[in-house]
Amino acid sequence: MAVENAIEIRGLTKSFEGFTLRNVDLVLPRGYVMGLVGPNGSGKTTLIKCLLGLLHADSGTVRVLGREVTPETGGHPGVGAVLDRATYAEDWNLDEVGRAVGMFGPAWSTERYRALLDRFGLDRKRKVKDLSRGMTTKLMVAAALARDVELLILDEPTSGLDPTSREQLLETLQDVLVDDRRAVLFSTHITADLETIADHVTVLLGGEVFAAATTDELLDAYRLVRGGPADLSPALREALVAVREHRSGFEGLGPAADLAGLDDVVVEPARLDQIVAYLGRS
Amino acid sequence: MTPVIRAIRLDLLALRPYRRTLALIPVLAVGVSLYQGDPRVAPAMLLAYLVFGLNYPFALADRFGLDILYAGLGLRRRDVVAARYLTAAVAVLIAGAVGMLLSIVQSAVTGRDLDLSGLLLVTAAVQAGVGVVVGVQFPFYLKFGYMRSKLLSFIPLLLVPVALPVLGSLLPEGALATLERVAAVATASSSAAVAVLLVLAVAALAGSYAVGLRLYTAKDL
């Protein structure tokens with residue numbers, strides 16, 4: 001019987017010196033893309049490492065594709081990870097990467113792997129150490145997708161890519177999601193990518209889940225407010241999540257419900273990157 | 001394919017780009033053996049160089065983050081640890097056999113006499129030594145990684161010559177006499193000595209495996 005949720009995290013806490021990922025709850029159903037956003041040091045990579053069975057949680061449970069994941073169990077073989085750096089032997093060529101990764105996973109396909117390498121313009125005889133950051137990201141995506149994984153976890157995959165490659169990667173991810181068994185967890189700073197493909201967004205701030213909603217709900221929940229210096233009344237300042245003042249006035253983010261009916265200021269929909277940036281400032 | 005076999009194959013695949021360097025090990029062993037003029041040197045040298053070869057998977061894992069790859073692909077920590085120890089045990093046995101074969105060939109080619117029971121004893125002694133060395137090194141590598149602990153791991157070995165006389169002086173006379181009697185029985189014949197040495201090597205690796213597994217499982221990657 002198919003498992004409904006690709007990821008189920010309950011009460012996950014993990015402490016390091018100077019940082020704690022605190023009491024995180026997160027559910028990602030199959031067939032959906034979740035964007036994981038937050039400023040540097042908010043806990044995104046720690047959360048991803050827990051999902052891959054790399055870290056010992058202090059408390060809480062992590063279930064991936066219906067199975068509990070801990071360092072003792074190892075990661076779930078149905079998961080493909082695209083991390084911020086490659087973890088392949090740098091002297092491997094891309095065929096050797098395929099040989100290594102192909103020993104694992106539900107249904108490895110060398111043909112699919114080679115087709116993806118071709119699609120991404122990667123030469124199979126090149127060595128990992130000769131690839132640029134963007135090429136390495138594409139290689140990791142190809143290796144994960146050739147294993148026919150059910151959950152793809154991406155940690156900042158688009159940050160090293162030029163606009164064309166970014167577009168290509170996002171298209172590939174959209175192709176992946178044609179099959180609704182699959183799910184994608186996408187951690188990124190480039191939130192514009194998420195407006196294109198994410199159904200859900202989880203905002204991590206200071207190691208805690210600040211907001212978790214569908215992308216549309218999150219976009220509807222906040223408004224951007226702009227006005228002159230005299231327009232920023234104490235009541236309005238109180239209502240805003242965060243505000244940035246400058247010589248000619250102010251700009252801030254607030255809950256849509258609290259900003260309804262304001263006449264003297266400009267109230268407009270906020271983009272996801274603006275919401276995340278202001279929430280980060282708060 | 002079992003997970004341990006997969007882990008061994010991953011390690012071997014990681015070593016593949018360095019196979020030419022590793023192939024120099026038997027060549028060097030024979031070279032030193034010819035230079036020394038004693039065929040019995042070949043297995044000893046081969047096994048001594050093997051220690052560096054057995055360190056390679058840890059060095060590569062450390063350098064390229066292969067531990068994260070292995071865990072991410074669904075390998076359990078215990079399978080990775082078992083793979084490293086199993087590889088070491090099999091490599092020590094194979095290197096011993098190959099080394100003895102090289103000795104026999106060298107003896108036949110150079111016409112030098114070769115005492116086979118003496119060769120077996122020397123090989124077993126060096127195999128036991130390698131077992132103890134990697135038995136000390138591996139838990140350090142598993143806990144701290146190769147780069148951080150390659151020097152640290154030699155400290156216990158350097159302490160052995162100091163620790164043994166101290167331990168001897170602390171033991172009561174009765175215990176010392178018993179140990180001497182055990183040693184006398186063990187060295188009465190070369191086959192008994194070989195058996196004792198191999199048991200020591202297996203015990204060192206088994207104890208080390210238990211410690212290494214505990215340390216590696218408790219580690220955050």
Side-chain angles (χ1 to χ4, degrees), chain A residues 14-16 45-46 48-58 64-65 67 69-93 95-106 108 127-129 136 140 143-144 147 149 151-153 155, chain B residues 1-23 53 55-84 142-143 145-147 210 212-221:
Chain A
K14 172 68 185 172
S15 296
F16 299 104
T45 299
T46 302
I48 286 174
K49 283 186 162 190
C50 288
L51 284 167
L52 297 175
L54 302 177
L55 298 179
H56 291 268
D58 299 336
V64 173
L65 301 171
R67 197 192 83 183
V69 167
T70 66
E72 286 77 20
T73 65
H76 194 294
V79 175
V82 177
L83 302 175
D84 57 347
R85 76 178 189 95
T87 53
Y88 307 126
E90 287 184 2
D91 289 305
W92 279 344
N93 63 35
D95 273 338
E96 285 169 324
V97 170
R99 220 170 294 151
V101 174
M103 281 189 270
F104 299 85
W108 168 262
K127 289 188 172 182
V128 172
K129 67 180 173 193
T136 307
M140 287 189 280
R147 287 170 55 221
V149 294
L151 171 64
L152 190 58
I153 297 176
D155 192 4
Chain B
M1 202 188 318
T2 67
V4 176
I5 298 296
R6 280 184 189 156
I8 291 174
R9 283 190 61 187
L10 268 180
D11 273 349
L12 294 178
L13 206 54
L15 289 172
R16 199 177 132 82
Y18 314 101
R19 59 191 183 279
R20 287 194 185 90
T21 312
L22 292 169
N55 285 350
Y56 252 72
F58 293 98
L60 297 176
D62 217 22
R63 192 166 153 213
F64 303 129
L66 295 180
D67 290 328
I68 291 175
L69 175 70
Y70 291 12
L73 287 172
L75 275 177
R76 292 173 304 176
R77 307 270 179 108
R78 72 165 72 161
D79 297 325
V80 177
V81 175
R84 297 271 160 85
L142 289 165
K143 172 67 182 172
Y146 175 79
M147 297 306 283
L213 178 61
R214 182 178 286 243
L215 293 174
Y216 191 60
T217 307
K219 184 177 167 181
D220 280 337
L221 296 176

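Reminder, nothing fancy here: chain letters follow the sequence lines and each chain counts from 1. Since this is a predicted model, take the numbers as computed values, not measurements.
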Between [X] and chain B, which part of the residue has a heavy atom less than 4.5 Å away: side chain, backbone, both or neither?
X         : answer
Ala144(A) : neither
Lys14(A)  : side chain
Ala100(A) : both
Arg99(A)  : both
His56(A)  : both
Leu83(A)  : side chain

Requested in this report: For residues Leu221(B) and Lys49(A), determine if any side-chain heavy atom of one lies less than 4.5 Å from a side-chain heavy atom of the other.
Outcome: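 Result no, sub-4.5 Å side-chain heavy-atom pair not found.
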Contact summary for [X] and [Y], nearest pair of heavy atoms:
X        : Y         : answer
Leu73(B) : Phe104(A) : O-CD2, 3.5 Å
Phe64(B) : Tyr88(A)  : CB-O, 3.6 Å
Thr87(A) : Gly65(B)  : CB-O, 3.3 Å

Nearest 0.5 Å, please: how far is [atom2] in [Y] from [atom1] in [X]?
X         : Y         : atom1 : atom2 : value
Trp92(A)  : Leu66(B)  : CH2   : CG    : 5.5 Å
Met103(A) : Ile5(B)   : CE    : CD1   : 11.0 Å
Thr73(A)  : Arg77(B)  : OG1   : CZ    : 9.5 Å
Leu52(A)  : Leu69(B)  : CG    : CG    : 11.0 Å
Thr46(A)  : Asp220(B) : OG1   : CG    : 9.5 Å

Query raised in the report: Between Arg78(B), Arg63(B), Lys219(B), which residue shows the highest count of heavy-atom pairs closer than 4.5 Å to chain A?
Result: Lys219(B)
Query raised in the report: Picking from Ile153(A), Asp91(A), Thr70(A), which has the most non-hydrogen pairs under 4.5 angstrom with chain B?
Result: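 Option with the greatest count: Asp91(A).
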Query raised in the report: Of all of Ala86(A), Gly53(A), Pro71(A), which one pairs up most often with chain B through heavy atoms under 4.5 Å apart?
Result: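 Heavy-atom pair counts peak at Pro71(A).
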Measure distances from [X] to the heavy atoms of chain A and classify the residue's part below 4.5 Å as side chain, backbone, both or neither.
X        : value
Leu10(B) : both
Arg16(B) : side chain
Tyr18(B) : side chain

Report task. Give a yes or no on whether Arg20(B) atom CZ has more than 12 heavy-atom contacts from other residues, nucleotides or ligands under 6.0 Å away. Result -> no
Query raised in the report: For Arg67(A), does the CZ atom sit with more than 12 other heavy atoms under 6.0 Å from it, leaving out its own atoms?
Result: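 Yes, enclosed.
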